[in-house]
**Q** 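Below you'll find the structure I mean.
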Protein chains: 2
Amino acid sequence: MKIDPDSPADLSAQIAKSIRDAIVSGTLRVDERLPSETELSEQFDVSRSTVREALKRLGAQSLIRTQRGATGGAFVNKLTYQEAYGQQITTSTLLLSMNAVSFATACEARYALERACAPLSAQRRTADHLATMRAEAHRQAQPGLTDEAFCASDVAFHRALVDAADNPVLSYQLAGAVEAIEPLMNMITFTARSRETIVALHSDIADALEARDAEKTDEKLVALASYTNDLAQSVFAARQKG
Amino acid sequence: MKIDPDSPADLSAQIAKSIRDAIVSGTLRVDERLPSETELSEQFDVSRSTVREALKRLGAQSLIRTQRGATGGAFVNKLTYQEAYGQQITTSTLLLSMNAVSFATACEARYALERACAPLSAQRRTADHLATMRAEAHRQAQPGLTDEAFCASDVAFHRALVDAADNPVLSYQLAGAVEAIEPLMNMITFTARSRETIVALHSDIADALEARDAEKTDEKLVALASYTNDLAQSVFAARQKG
DNA sequence: AATTTTCATTTGTCAGACATTTAAAAGTCT
DNA sequence: AGACTTTTAAATGTCTGACAAATGAAAATT
């Protein structure tokens, strides 16, 4: 592990990269302990603060975790699905909010990906997944629900649909697509009538999954995608005028 | 922007969280300049080093960028698709390599997602995308190619397929799925015969896309998925014995 | 008016110190 | 000997103060 001493600045970035490469390439294995900050500062010939800044960078990416005390130090972190989900969602949400992605584009991506899951979900859904979906659909039918709560429940419903495919890699990849659209959906005001339509489609989807009917699930997902898109367009058009 | 002074440790994490929340919620806008490190250290009542560690964390997530000099400082960074791709790929690759994900699971996820793109790609593919796919297929037919180069070209082919859908959100979401499987594919030795089959299917896919035939594209993708999976299984089975 | 120089501001790095946490080692008592 | 307490060493977390380097704006000079 060495760095280029001629490169003028950003020593901490270079050190972070050096360690990151060692982790990604497998030179440093999961749960292996890195040298202490003092040792690293000697190895790289920099101050301890610089090493610390590098370690903070790696910690922010969940590549390492640190522990205080006598047997503490920095350890190569085993990236859990949980952590990866979180990063995926944060990044996706920011990407969409900062790049003025149209609702249509995000919606298209989301439903295309969900339709990819649907056949697997129809095959593998458990009673548990169905129960979650039914419960969320039921919640969505409550009259007093705020728009935010309605959207949050919508996300939960679709997450259950995705998780039913029983493929953690798929769930991870779709976490971003499903969650990141929530802020965009929150810009829509749902009338009682439009909620009714959506809830009905959600119930149809749950029915289709219960019957393990992949084709019908797909059909209803397409209908939901189309309806959501039309709804958004009319809402945004109305806002433009008013 | 304030933090809990009673919470004993990890001040820099608290400060990072505080600033991150301000960015995610939109309180701090894109390209807006944060207070200088000295000012932040006064606001949060911590030392400059602690503030710096917090800023490094945010920098590692591409939430801010820093610039030296008189008018420099830390600025809220507009997350580009490029940066998001990179993070997505790093995280996905690590997730797969650290969690002993089976080839079958990763493969299933990848092809499910690609099939989601295919109809859109068939509709929107440009001559450019086709040219890239043809070129990669041609490269894959070269006899002297190493397994690594073959896999890299395979990834390039599939990226072109995904990009042809002309939906940046979709491209971003799939970047991880397509790229992260490369290390797993690199564990496979491709015989001349199996390469031939794959290249033929790649050509078929390109043909189908050229003809804007979504059904045929899907059919060939399914065939490719199935063949890849079988190939991997036989390779791993043979390795187990030998 | 154009160019050069100076200067103030800000991040990047360093050195040294102390606080806090933690587990192991040493000591003490029953 | 075994159980409990105390000490100690190692590690991260934080603070202070300093200097280096970059950089744009202001001032001075031609």
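To find a chain, count down the sequence lines: A is the first, B the second, and so on, and within it residues start at 1.
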**Q** How close or far is atom P of dC19(D) from atom CD of Glu37(B), stated in whole angstroms?
**A** 19 Å

**Q** If I take atom CZ in residue Phe75(B) and atom P in nucleotide dT23(D), what distance separates them, rounded to the nearest angstrom?
**A** 12 Å

**Q** Between C1' on dG16(C) and CD on Glu42(A), what's the gap in Å once rounded to a whole number?
**A** 15 Å

**Q** What I want to check is whether an N or O donor and acceptor connect the side chain of Arg68(A) with the base of dT20(C) at under 3.5 Å.
**A** yes

**Q** Going 5' to 3' along nucleotides 4-10 of chain D, which nucleotides have protein heavy atoms under 4.0 Å from the base (write B), which only from the sugar-phosphate (write S), and which from neither (write -)?
**A** -----BB

**Q** Once you measure the plane-to-plane angle for Phe150(A) and Phe190(A), does it fall in the parallel (<30°), tilted (30-60°) or perpendicular (>60°) bin?
**A** tilted

**Q** With respect to the phosphate group of dT11(C), does any side-chain polar atom (N or O) of Arg52(B) fall under 4.0 Å of OP1 or OP2?
**A** no

**Q** Quickly work out the Arg65(B) CZ to dG12(C) C1' distance and round it to whole Å.
**A** 18 Å

**Q** Once you measure the plane-to-plane angle for His158(B) and His202(B), does it fall in the parallel (<30°), tilted (30-60°) or perpendicular (>60°) bin?
**A** perpendicular

**Q** For Gln61(B), what residues pass the side chain to side chain donor-acceptor pair (under 3.5 Å) criterion, not counting sequence neighbours?
**A** Arg20(B)

**Q** Report yes if a side-chain nitrogen or oxygen of Thr66(B) is closer than 4.0 Å to either non-bridging phosphate oxygen (OP1 or OP2) of dG12(C); otherwise report no.
**A** yes

**Q** List, with names and distances, any nitrogen or oxygen atoms from the protein found under 3.5 Å away from nitrogen or oxygen atoms belonging to nucleotides 15-17 of chain D.
**A**
unit_1, atom_1, unit_2, atom_2, d
dC15(D), OP2, Ser47(B), N, 2.8
dC15(D), OP2, Ser47(B), OG, 3.1
dC15(D), OP2, Thr50(B), OG1, 2.7

**Q** Hey, are His129(B) and Thr126(B) close enough side-chain-wise for a donor-acceptor pair under 3.5 Å?
**A** yes

**Q** Can you tell whether the side chains of Glu136(A) and Arg139(A) come within less than 4.0 Å, N to carboxylate O?
**A** yes

**Q** Measure the distance from CD1 on Ile15(B) to C1' on dT14(D) and round it to the nearest whole Å.
**A** 11 Å

**Q** Within this structure, what is the CG-to-C1' distance between Leu58(B) and dT11(C), rounded to whole angstrom?
**A** 15 Å

**Q** Starting at CZ of Phe44(B) and ending at C1' of dT14(D), how long is that distance when rounded to a whole Å?
**A** 16 Å

**Q** Taking CD1 from Ile64(B) and P from dT10(C), how many angstroms apart are they, rounded to a whole number?
**A** 15 Å

**Q** Could you say whether Gln67(A) or Gly72(B) is positioned toward the 5' end of DNA chain C, judged by the nucleotide with the nearest heavy atom to each?
**A** Gly72(B)

**Q** Whether the Tyr172(B) and Ser92(A) side chains hold a donor-acceptor pair (N or O, under 3.5 Å, no angle test) is what I'd like checked.
**A** yes

**Q** Looking just at side-chain N and O atoms, do Gln173(B) and Gln88(B) make a donor-acceptor pair shorter than 3.5 Å?
**A** no

**Q** Does Ser12(A) make a side-chain N or O approach to OP1 or OP2 of dG12(C) shorter than 4.0 Å?
**A** no

**Q** Is it true that the side chains of Asp163(B) and Ser171(B) contain a donor and an acceptor less than 3.5 Å apart?
**A** yes

**Q** When rounded to the nearest 0.5 angstrom, what distance separates CG in Asn99(A) from OG1 in Thr105(A)?
**A** 11.5 Å

